[in-house]
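Keep in mind the model is a prediction, meaning the values are calculated, not measured. What's counted below: heavy atoms across the whole structure, side chains too, no hydrogens, waters or symmetry copies.
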Amino acid sequence: MRIGVFICHCGSNIAGTVDCPSVAATALTYPDVVFSTDTMYACSEPGQDAIIQAVKDKNLDGVVVASCTPRMHEQTFRRAVERAGLNRYMFEMANIREHVSWIGKTKDLNTGKAAELVRMAVEKLRRNRPLMAKRFETTKRVLVIGGGVAGIQAALDCADGGQEVVLVEREQSIGGKMAKLDKTFPTVDCSSCVLGPKMVDIAQHPNITLYTCAEVESVGGYVGNFQVTVRRKATHVDWTKCTGCGLCVEKCPSRKHPDPFNENLCNAPSINIPFPQAIPKKAAINASSCLMLTKGKCGLCAKVCPVKCIDFEQKDELVNVDVGAIVVATGYDLFDWHKYPQYGEGRYKDVITSLQYERLLSASGPTGGHIKRPSDGKEPKNVVFIQCVGSRDKSVNRPYCSGFCCMYTAKQAILTKDHIPDSQSYVFYMDIRSPGKLYDEFVRRAMEEYGAQYVRGRVAMIYPKGDKLVVRGADTLAGTQVEVPADLVVLAVGAESAKGAVQLGEKLRVAPDQYGFFVESHPKLKPVETNTAGVFLAGACQGPKDIPASVGQGSAAASKVLGLLSKAMLESDPAVSRVNPARCVGCGKCIQTCPFGAIKEIQDRFGNPKAEVIDTVCQGCGICTVTCPQGAIQLEHFTDNQILAEVNALCPPKMFANFE
Amino acid sequence: MLKVAYYPGCSGQGTSLEYDTSTRAVCKALDVELMDIPDWSCCGSSPAHTVNHVLSAALSARNLAQVEAMGMTKAATPCPSCLTNLRTASHKMDDPEFKDKVNALLDVPCKNSVDTQSVLQVLAENVDPELIKGKVVKPLTGIKIACYYGCIMNRPPEVMRFDHHENPMAMDNLMALLGAEVVPFPLKVECCGASYGIPRGDIVATLSGKLLDASRDVGADAIVTACPLCQMNLDLRQGQINDALRENFRIPVFYYTQLLGYALGIDRAELGFEKLCVDPRLALGRIKQPQQAM
Amino acid sequence: MPAQDVRELRIVGFLCNWCSYGGADTAGVGRFTQPTDLRIIRVPCSGRIDPLFIVRALMNGADGVLVSGCHPRDCHYAEGNFYARRRLEMLKRFLPITGIDERRFEYTWVSASEGQRWQHVVTEFTRRIHELGPAPSFNPKSDVDWNALAVQASQGQGCPCHGSIQA
Amino acid sequence: MEKFITKENLNRLAAELAATCRVLAPVADCGTVTFRRFQPGMVMDLHSRMAAVSPKAATFPQTETLLVVKREIPEKKPEIIETLPEGKNVVIGCRPCGARGKLIFDPVYETDKIKDPYYLQRRKNTVFISLACDRPETTCFCHSVGSGPADPSGSDVLLTLVGEGYVARSVTPEGEEIMKMALFADAGDKGKEADAKNAKAREMMGEAHDYASAPAKLLARFDDMDFWLAQSAKCISCGACTYMCPTCYCFNITDDDLGLSSQRIRTWDNCMSHTFTLEGSGHNPRSTKAHRLKNRVGHKFSYYPDLHKGVIACCGCGRCIKQCPAGVDIRQIVNAAQEYAE
Amino acid sequence: MSQLDDLKTAIKSRLGDLECVIGWEQGYDPLHATPLFIRSEADLDRLIIGPLAVHNLATYLTGWKGKKVGVVVKGCDSKSVIELLNEKLINRDDVVIFGLCCDGVVSQRKIRAALPADPGFVESVEIGADSLKVTVAGQAATLRLDDVRADKCRVCDTPDALVSDFLIGKAHTPAPAPSLKCQDEFEAKSDAEKFAFWQETMGRCIRCYACRNACPMCVCRDYCIATSRDPLWVSQENLPSENMMFQMIHVSHLAGRCTECGECERACPVDIPLMLLRRYMNKQVRDVFQHEAGKALDQTPPLLTFKVEEERINERGW
């Protein structure tokens with residue numbers, strides 16, 4: 001082999017504490033190294049050109065660059081060696097900046113360490129081999145999971161981009177959390193007026209197939225070629241016939257189950273259309289409370305239905321869809337505030353969540369837009385808002401900021417004053433977080449124009465006194481304890497991952513973080529990608545987000561999908577596991593441990609079982625390589641021999657000792 | 001028969017003598033044997049821990065070592081203040097370094113093997129409610145009771161490890177078992193002012209006054225408590241509170257053991273109702289007499 | 001720092017690319033000074049770390065081996081560190097029977113954002129290895145060492161199984 | 001030359017020789033007996049049992065470094081150092097069968113065309129002081145392969161236990177040289193006693209088995225895989241038999257490449273191993289243990305005798321039988337071939 | 001009828017459907033048994049069982065994969081069969097299991113230590129109910145079976161086969177010793193002593209791989225990474241470090257799979273007490289995963305699975 005070594009000064013970043021020329025000179029003694037030099041900025045255009053030139057002049061077939069972390073520039077240099085005519089995997093990097101020059105103070109120790117890291121890279125490179133990507137065709141169809149505002153945006157953008165879209169929504173209607181909101185900050189425009197047209201677009205777009213009351217049952221395949229099974233849950237209404245006239249809803253005698261769309265503030269009929277703007281505007285039966293389905297008598301809806309679309313016998317239906325890419329937009333759920341004993345754990349009816357309050361404010365809500373408190377229906381005069389309920393609190397395992405609560409609390413304080421001019425709002429807060437366009441101004445308006453009293457401090461307890469609730473908290477600015485008698489307490493509950501997100505993540509092989517939010521590929525540079533190729537994230541399933549951010553991500557995910565599916569053929573990462581069938585004994589242990597289902601059992605021509613890697617599914621983690629006792633399955637580019645070469649370079653085994 | 005080492009605490013020797021005697025009486029009636037700790041001494045409450053944690057813990061540890069010498073691992077005390085000190089000492093001694101410091105002060109080292117509980121916890125967790133129910137001869141039917149736990153019986157939760165720290169229910173459940181109507185008392189873990197009674201009577205008047213006010217609001221005939229200091233502030237100082245707040249509270253404040261003993265038909269002499277400052281007769285009079293003796 | 005007063009010892013690190021290697025980068029970006037003894041081998045996932053790599057390093061004379069991956073539940077590949085945890089724990093527990101000081105091997109979890117934690121881990125581990133000193137060589141270094149062992153063996157010392165017929 | 005040496009003096013002899021030579025002697029080793037490099041302070045264990053391993057390592061060590069490559073200087077020409085074995089070796093207390101093993105090596109390692117310098121140097125510099133056996137083990141069959149319990153061939157000095165010492169007889173000039181040391185005393189008439197002992201030992205071995213027909217009979221079974229499948233059923237295909245064997249001479253050469261330094265080593269190889277005949281293509285002409293056992297037995301009792309004047313490549317020490325984890329008995333296999341009814 | 005007769009009857013009843021039945025016969029001398037591959041009723045006459053039948057015949061099963069065979073197993077051997085089944089390395093339908101209720105087997109090493117002369121000179125052996133009468137080099141010696149029992153038998157809690165098609169003999173109530181003295185003593189040694197012990201012992205190792213090939217769970221055999229070049233884990237140089245490296249490979253690959261049958265140690269021609277390593281690893285597996293390989297069907301080896309929360313692994317605080 002002919003290896004070239006390039007030691008980067010990175011200006012003074014490396015050269016300040018590492019003797020780069022001396023490292024380059026030492027590298028020349030390493031086996032197979034035929035060229036070694038130091039360079040000012042390896043990643044700069046002249047730096048890259050010098051590498052390319054050296055490859056050509058010195059006839060190199062492998063390159064080592066010692067510079068910054070490979071997490072920064074590995075791709076850059078791989079492209080450079082590719083331009084020089086080498087395979088991109090005939091390249092190794094030694095991290096002598098983040099791991100050497102920036103952390104060690106002593107120059108000679110740093111220099112020695114840098115030389116050893118280069119040696120490690122050389123020994124690994126000596127065992128590298130060119131890897132070629134495989135090419136394969138893709139299915140030009142997109143699955144969007146979740147019909148909230150992020151999913152709606154992603155679906156519309158993909159459909160407008162010419163791709164077929166299948167949108168799957170768990171609830172009866174799309175719209176998500178946004179559909180439940182009365183107004184949106186900071187413009188205080190009507191939420192459903194903004195969202196409604198987009199929902200209609202979904203229903204009418206020729207490229208979009210919408211499945212509501214549906215969930216993803218299973219996902220197989222890989223980027224470009226996923227096989228998805230969708231479970232369409234029985235609605236007991238034939239939606240091909242239902243006109244959404246609502247007659248059945250009016251006549252339904254069973255109104256015993258809480259209405260989830262109205263956040264359980266009121267009950268809903270057993271056959272229902274959740275809200276006037278629902279898409280699709282179709283009725284569905286709640287099987288757990290329907291008299292016909294639970295007790296076998298009633299059937300009033302079937303009798304009144306003008307198109308005879310009620311079907312009590314209807315069963316769940318499984319639909320298979322082949323797609324090339326998947327957008328996950330499953331949103332968030334509200335933190336269960338009952339974990340806070342100091343807020344009464346549900347003993348006090350007039351302690352409600354912010355989303356419940358939204359429904360009280362909404363003209364389509366249970367009170368027709370009149371604020372009436374749940375206990376006695378009275379109009380509250382003193383409304384206390386408590387922020388950070390389930391946000392920024394380690395004690396309930398929610399150390400993160402939910403991001404949007406400060407803003408909607410300000411909005412609700414404003415709306416309270418609009419609805420009840422003689423009311424007084426109090427807001428207990430920790431910090432105001434309003435970093436958005438017109439956001440801080442909006443909070444100021446709540447305080448200054450609408451007279452909301454902001455108290456900086458946590459609430460220690462709520463207790464009833466007479467028909468009021470006394471909210472006791474700290475006012476940390478005044479340094480005192482305050483007690484506010486309240487008619488209604490609204491908890492600004494934080495966001496947590498959507499129920500079922502972890503299970504869905506398992507099906508999609510997208511890892512959730514410790515709070516159940518899906519992990520993006522890179523927090524800055526790949527915010528909507530996941531580590532499973534072809535699966536993208538949009539909206540609050542990745543972390544709490546407000547509406548503009550969710551819409552932005554929906555579009556971003558859509559653009560990634562469109563970019564992906566615009567290619568006629570895709571290439572798979574060749575740094576995947578590979579089975580040496582001559583060594584494989586077919587024990588199947590690798591199949592058992594692969595988290596991606598990327599290994600299957602095949603039979604060789606003698607009928608012996610062997611493992612085989614599905615290149616396009618394998619993500620390159622290497623769990624199988626450690627599992628295989630024969631070392632028959634090796635993760636390319638991180639083979640046993642490559643890693644052992646690095647170990648041996650660092651710790652040369654004792655040789656030349658003959659004891660007999 | 002359940003045996004626990006018994007730490008009466010100093011209040012039980014004086015201001016809350018009736019708590020001690022009624023506790024002993026009900027435990028006996030419920031087959032819980034209280035074994036007096038020989039030569040017990042002050043637990044360190046209340047001032048010691050404000051001065052020096054090690055010395056304070058040493059006072060408690062001495063008593064715990066006495067329990068260990070009895071060959072027992074479980075101790076009980078009626079007083080939440082003692083309980084706090086004993087349990088805090090144990091909790092801190094989980095750190096071996098702290099334990100060594102404490103033991104350096106003791107003649108007999110403490111192994112820290114004793115679990116101290118309140119007598120209330122022992123009764124709530126170790127005595128079958130059905131057994132209690134079966135032994136009730138005078139159900140408390142007719143009386144409305146607010147259960148007041150005080151601020152330290154259940155807190156801090158990681159030390160006390162008993163019941164809910166914001167909304168404890170052990171006493172509520174016990175009183176309900178005896179037939180009383182237990183009214184939801186929102187301030188059941190609020191502070192009564194505690195030992196501010198001596199230096200700052202005004203604070204006690206405000207805080208305890210609020211408690212009395214809340215109990216009146218919820219319609220309680222009486223308050224039941226498990227703490228000598230709470231009882232004293234609410235009962236003994238009720239007159240002072242009335243003076244300070246221009247109120248006219250007349251709410252008797254029982255130890256839960258007194259009402260428990262009453263329901264179990266224990267000799268009233270052992271229950272010490274006569275020691276209460278606010279006359280309990282009106283409240284007790286609300287208890288409907290059993291229709292007929294069986 | 002006392003660790004730097006004496007000569008460098010040989011400490012090998014195996015770090016997963018996604019979390020701990022990034023954490024070490026973060027520590028570098030933050031200029032969090034660390035002892036220089038550690039040499040890091042980058043692997044895609046802690047699930048790729050064969051405990052035998054660690055054994056190989058120790059057999060080759062490494063004075064310490066440090067493994068770090070993503071925190072449990074944070075694995076880039078969803079499950080890699082769960083397997084790694086079991087494998088590494090078994091190795092750590094096994095080492096004492098071989099007479100290799102198990103303190104020479106440690107595994108932990110450091111995320112890409114925990115630069116300060118990485119500095120702490122490296123500093124502490126390096127300190128520990130310096131306290132333990134250079135590892136003994138498994139292959140006797142000279143004939144003299146070898147012969148001492150052989151004499152011992154010929155006198156039946158060391159082996160508990162052959163002292164008597166009783167187990 | 002015939003002399004007498006007491007047991008104590010033999011131990012002293014070992015200690016004295018250890019000052020100038022590498023002395024290999026059987027020592028008790030945690031319940032077993034192995035050849036160890038003898039050091040003053042050690043006690044030889046000559047009689048409790050035959051050493052588990054053979055003394056072949058003296059002339060054919062398990063690992064022999066053939067050459068060393070070092071790369072230190074920037075001019076980059078790696079330095080190649082040949083490492084021929086140096087110094088004298090003495091083996092004390094091996095059995096005649098063990099000492100005879102190298103006679104099987106000689107025609108392989110020294111031919112007209114090929115001379116193996118490593119082997120020959122050790123061969124030349126190693127003296128074998130053997131101890132005649134006084135009682136055969138159940139696995140011994142040296143008498144059937146042309147030898148016996150007091151066979152001097154292959155030894156330089158042969159000792160026979162008489163009373164509290166040994167009658168020593170020189171076999172070669174090198175042996176005679178050692179026997180000139182003062183620790184050896186006059187043998188007196190103990191020689192006769194030694195002869196009687198040796199004769200008795202031979203008598204205890206009973207009648208020798210005749211392997212004359214073995215080469216042809218084994219060759220006749222060459223294509224009979226059923227025969228070899230049955231014979232190899234219990235074999236677990238490990239290498240205990242070949243590594244224990246005084247006559248197995250196969251080796252493997254590997255380059256241990258560590259970049260800055262490398263070594264080329266020669267190590268014992270084992271024909272019972274899959275890798276022994278594994279070809280670069282992945283093809284293996286001896287893919288099963290049946291193939292491999294056929295080769296091992298065939299080589300010793302048929303192919304080698306065919307090439308080397310009928311000499312059986314086995315010294316009858318029985319180690320392969322005794323140490324086999326599955327109790328494979330090479331005698332039974334050869335017998336089965338010899339007695340095979342067509 | 002004796003246990004042996006019962007066994008023969010059972011084997012006879014199934015021999016027709018089977019390629020062979022693996023049992024034991026007398027080996028090269030009266031003190032040693034050797035595996036017997038019974039293909040006909042005539043072979044059955046040579047079948048023996050008893051304290052000398054030490055071999056774990058489960059070792060052969062993977063070699064017969066795809067063919068229908070019978071195997072005679074002791075309690076301990078049956079654990080290996082179970083583990084092979086659990087790992088789907090053999091097919092239950094292809095194996096007829098003749099399970100024994102076992103009274104324990106001998107340790108040849110202990111017999112060697114107990115006899116007045118080397119067992120190589122053995123002339124005759126009589127097996128009694130609780131003793132062995134051995135004549136060796138003209139001297140007769142009576143050995144109590146209890147004294148020469150294999151270590152594994154002292155701590156055996158599964159004398160009767162755990163899985164079988166025929167269970168032959170009288171069931172035992174096992175009374176295992178809590179631990180082995182040699183193990184406890186060794187574990188109690190200092191790191192330096194243990195280290196020196198393995199240095200020396202591994203110096204004796206000739207890396208013949210008898211331990212590996214005798215192991216019923218070592219199913220890679222021909223493809224073991226100790227003898228491959230890709231991957232190249234171990235140098236062919238016979239250094240203590242390389243020999244130890246191989247043992248570490250063996251232990252590591254057996255973690256959670258080793259059934260403690262003791263074949264590795266028994267097979268070792270230079271008597272290296274390998275079980276010190278195996279038992280210790282098994283103890284760790286028991287402590288952490290409450291797992292004992294081969295004790296029950298349908299277990300997953302603990303290193304092939306995981307729990308999100310590991311109750312017994314303390315997250316390492318730093």
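Contacts between E:Thr305 and chain C at a heavy-atom distance below 4.5 Å involve backbone atoms as well as side-chain atoms. Only the side chain of C:Asp50 comes within contact range of chain E, judged by heavy atoms closer than 4.5 Å. Both the backbone and the side chain of C:Pro96 come within less than 4.5 Å of a heavy atom in chain E. Proximity to chain E (any heavy atom under 4.5 Å) is shown, for C:Arg86, by both the backbone and the side chain.
Of the inter-residue distances, the one linking E:Met202 atom CE with C:Phe138 atom CZ reads 6.5 Å to the nearest 0.5 angstrom. Atom-to-atom distance recorded for E:Met248:CE and C:Ile100:CD1 is 5.5 Å, nearest 0.5 angstrom. Of the inter-residue distances, the one linking C:Asp101 atom CG with E:Asp191 atom CG reads 5.0 Å to the nearest 0.5 angstrom. Atoms NZ and OG1, on E:Lys194 and C:Thr98 in that order, are 8.0 Å from each other to the nearest 0.5 Å. Separation of atoms CZ (C:Phe94) and CG (E:Asn282) is listed at 10.0 Å; rounding is to 0.5 Å. One finds the OH atom of E:Tyr280 at 9.0 Å from the CG atom of C:Leu95 (value rounded to the nearest 0.5 Å).
C:Ile97 and E:Glu187 get closest at one heavy-atom pair: CD1-CG, 3.6 Å. The two residues C:Asn139 and E:Pro240 come nearest to each other via the heavy atoms OD1-CD, 3.2 Å.
Ranked by heavy-atom pairs under 4.5 Å with chain E, the list C:Arg87, C:His71, C:Met59 is led by C:Met59. Contact count against chain C (heavy-atom pairs under 4.5 Å) is highest for E:Glu242 among E:Glu242, E:Lys283, E:Glu193. The candidate from E:Val285, E:Thr201, E:Val234, E:Ile249 with the greatest count of non-hydrogen atom pairs under 4.5 Å with chain C is E:Ile249. No other option in E:Asp184, E:Leu277, E:Leu304 has as many heavy-atom pairs under 4.5 Å with chain C as E:Leu277.
The shortest side-chain heavy-atom distance between C:Leu52 and E:His253 falls under the 4.5 Å cut-off.
Classification of the E:Phe306-C:Tyr83 ring pair by plane angle, with boundaries at 30° and 60°, yields perpendicular.
Under the 3.5 Å distance criterion, the side-chain polar atoms of C:Arg85 are matched with a main-chain donor or acceptor of E:Val308. Between the E:Gln199 side chain and the C:Ser137 main chain, a donor and an acceptor come within less than 3.5 Å of each other.
Partners of C:Cys19 under the disulfide (SG to SG under 2.5 Å) rule, at least two apart in sequence or in another chain, are C:Cys70.
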